[in-house]
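The structure under discussion appears below in the form of structure tokens.
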Amino acid sequence: MTGTGPAELLALWEAGQSRDDAGRAALLHAAAHPETGGRELPAVPVGEREADLFALRLALFGPRMELRAECGDCAEPLEFDLDVEGAARAPRPGRDPLRAESGGWAAEFRLPTVADLTAVASATGDPGEAKLLLLERCTASATRDGAPVPVRQLPDGLRQRMAEAAALAAPAADTTVDITCPACGTGTRAALDIAACLWAELDAWARDTLLDVHLLAGAYGWSEPEILALSPLRRRYYLELCADG
């Protein structure tokens with residue numbers, strides 16, 4: 001994971017200003033794998049991308065990630081920490097076909113990829129239809145008592161078996177966190193969008209860094225590359241000197 005110095009991160013942040021959420025997620029994933037140039041990344045299973053983004057977050061901002069949610073019962077604001085290192089080191093999913101069976105029904109399928117999610121999101125805004133489209137894209141064959149059937153006819157029981165098999169094959173794809181509300185004691189399951197969270201952190205870091213550049217350039221006449229070449233500790237010390245003056 002190279003090419004993530006201050007200048008490169010600012011260029012990444014600048015490029016993302018004109019992108020939507022999916023485009024920013026793609027930029028972050030490419031930053032995690034600069035050796036690929038981003039060409040192969042759409043074919044990566046979603047769980048693998050999530051683990052890659054956690055690894056990038058660990059490299060950039062460390063192992064502690066502060067998150068906020070809301071209690072689903074009493075609406076109490078909740079704050080909790082996430083183990084970024086553990087998520088980054090979660091087993092990567094395999095690429096082998098999967099199979100699920102239930103009461104004479106059977107399906108062979110694969111894990112959804114980044115390209116699958118992109119295609120489904122661009123095809124429909126209906127969550128129910130999106131799930132069906134994703135199921136169709138990822139299912140290689142569907143049968144009932146050995147006879148082929150349309151994928152959309154698969155019963156809920158088999159779909160649940162497919163989801164369970166996918167979760168076992170790609171644990172990093174599960175980005176939900178169980179937290180207990182200290183006010184009412186109710187358990188809340190909070191969904192985590194690592195791409196959105198990481199982009200928010202990058203955005204805050206970039207704006208703070210550009211402010212540092214502005215202040216130091218005005219005080220010392222240094223160029224942006226000269227300021228970015230300073231270590232964070234030395235930059236902070238010079239800023240303290242500016243404030244003292």
Side-chain angles (χ1 to χ4, degrees), residues 1-4 8-61 84 87-100 107-142 151-152 159 162-163 165-176 191-203 206:
M1 191 174 299
T2 59
T4 52
E8 291 83 4
L9 288 177
L10 283 176
L12 173 65
W13 170 80
E14 185 176 2
Q17 296 308 302
S18 60
R19 303 285 190 96
D20 59 10
D21 291 343
R24 290 172 177 175
L27 285 174
L28 290 170
H29 199 196
H33 286 282
E35 73 283 355
T36 69
R39 293 181 299 274
E40 304 169 5
L41 298 181
V44 168
V46 175
E48 185 173 331
R49 183 192 69 173
E50 304 303 273
D52 288 341
L53 293 183
F54 275 114
L56 178 62
R57 199 279 173 193
L58 177 65
L60 295 181
F61 301 118
V84 177
R89 294 181 177 175
R92 272 16 183 205
R95 306 283 181 97
D96 296 332
L98 302 174
R99 181 177 175 84
E108 291 187 358
F109 61 102
R110 59 172 174 78
L111 295 173
T113 66
V114 176
D116 291 326
L117 294 189
T118 302
V120 168
S122 62
T124 179
D126 178 15
E129 179 64 15
K131 289 182 179 180
L132 289 173
L133 289 175
L134 188 61
L135 185 68
E136 288 179 327
R137 286 180 65 93
C138 298
T139 303
S141 67
V151 172
R152 291 184 177 233
R159 294 185 191 184
M162 294 170 72
L168 288 175
D174 183 7
T175 54
T176 55
L192 169 65
D193 185 341
I194 178 57
C197 290
L198 179 53
W199 184 264
E201 289 183 300
L202 177 62
D203 183 71

So how far is it from [X] [atom1] to [Y] [atom2], rounded to the nearest 0.5 Å?
| X | Y | atom1 | atom2 | value |
| --- | --- | --- | --- | --- |
| Trp199 | Leu12 | CH2 | CG | 5.0 Å |
| Thr113 | Leu134 | OG1 | CG | 8.5 Å |
| Leu202 | Trp13 | CG | CH2 | 9.0 Å |
| His29 | Thr36 | NE2 | OG1 | 7.5 Å |

Can you name the nearest heavy-atom pair linking [X] to [Y], along with the distance?
| X | Y | value |
| --- | --- | --- |
| Leu132 | Arg152 | CD1-NH1, 3.5 Å |
| Val46 | Val114 | CG2-N, 4.1 Å |
| Leu27 | Ala15 | CD1-C, 3.9 Å |
| Ala107 | Thr139 | CB-CG2, 4.4 Å |
| Thr176 | Ala191 | CG2-CA, 4.1 Å |
| Pro34 | Ala31 | CD-O, 3.3 Å |

Quick test of your reading of the model: are Arg110 and Asp116 salt-bridged, counting only N-O distances below 4.0 Å?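 Counted as a salt bridge, because a side-chain N and a carboxylate O are separated by less than 4.0 Å.
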4.5 Å side-chain heavy-atom contact, [X] and [Y]:
| X | Y | result |
| --- | --- | --- |
| Gln17 | Asp203 | yes |
| Phe109 | Val151 | no |
| Leu60 | Glu201 | no |

Among all residues two or more places apart in sequence or in another chain, which pass the salt bridge (charged side-chain N to carboxylate O under 4.0 Å, His left out) test with Glu14?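 In terms of salt bridge (charged side-chain N to carboxylate O under 4.0 Å, His left out), with neighbours along the sequence ignored, Glu14 is linked to no residue.
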Residues that Asp193 engages under salt bridge (charged side-chain N to carboxylate O under 4.0 Å, His left out), provided they are two or more places apart: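 Not a single residue meets the salt bridge (charged side-chain N to carboxylate O under 4.0 Å, His left out) criterion with Asp193.
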Residue pair Leu28, Arg49: steps toward the side-chain contact (heavy atoms from CB on, under 4.5 Å) verdict: CA-CA 10 Å; Leu28 290 170; Arg49 183 192 69 173; over 6 Å; no
Enumerate donor-acceptor pairs with a distance under 3.5 Å from any side-chain N or O in residues 89-100 to protein atoms, sequence neighbours excluded.
unit_1	atom_1	unit_2	atom_2	d
Arg89	NH1	Glu85	OE2	3.1
Arg89	NH2	Glu85	OE2	2.9
Arg92	NH1	Ala88	O	2.9
Arg92	NH2	Asp52	OD1	2.8
Arg95	NH2	Glu48	OE1	3.1
Arg95	NH2	Glu48	OE2	3.4
Arg99	NE	Glu101	OE2	2.8
Arg99	NH1	Glu108	OE2	3.3
Arg99	NH2	Glu101	OE2	3.1

Between Arg57 (side chain) and Leu198 (backbone), is there a donor-acceptor pair under 3.5 Å?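 Absent.
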When you look at Val44 and His33, which way does the side-chain contact (heavy atoms from CB on, under 4.5 Å) test go after all the steps? CA-CA 12 Å; Val44 168; His33 286 282; over 6 Å; no
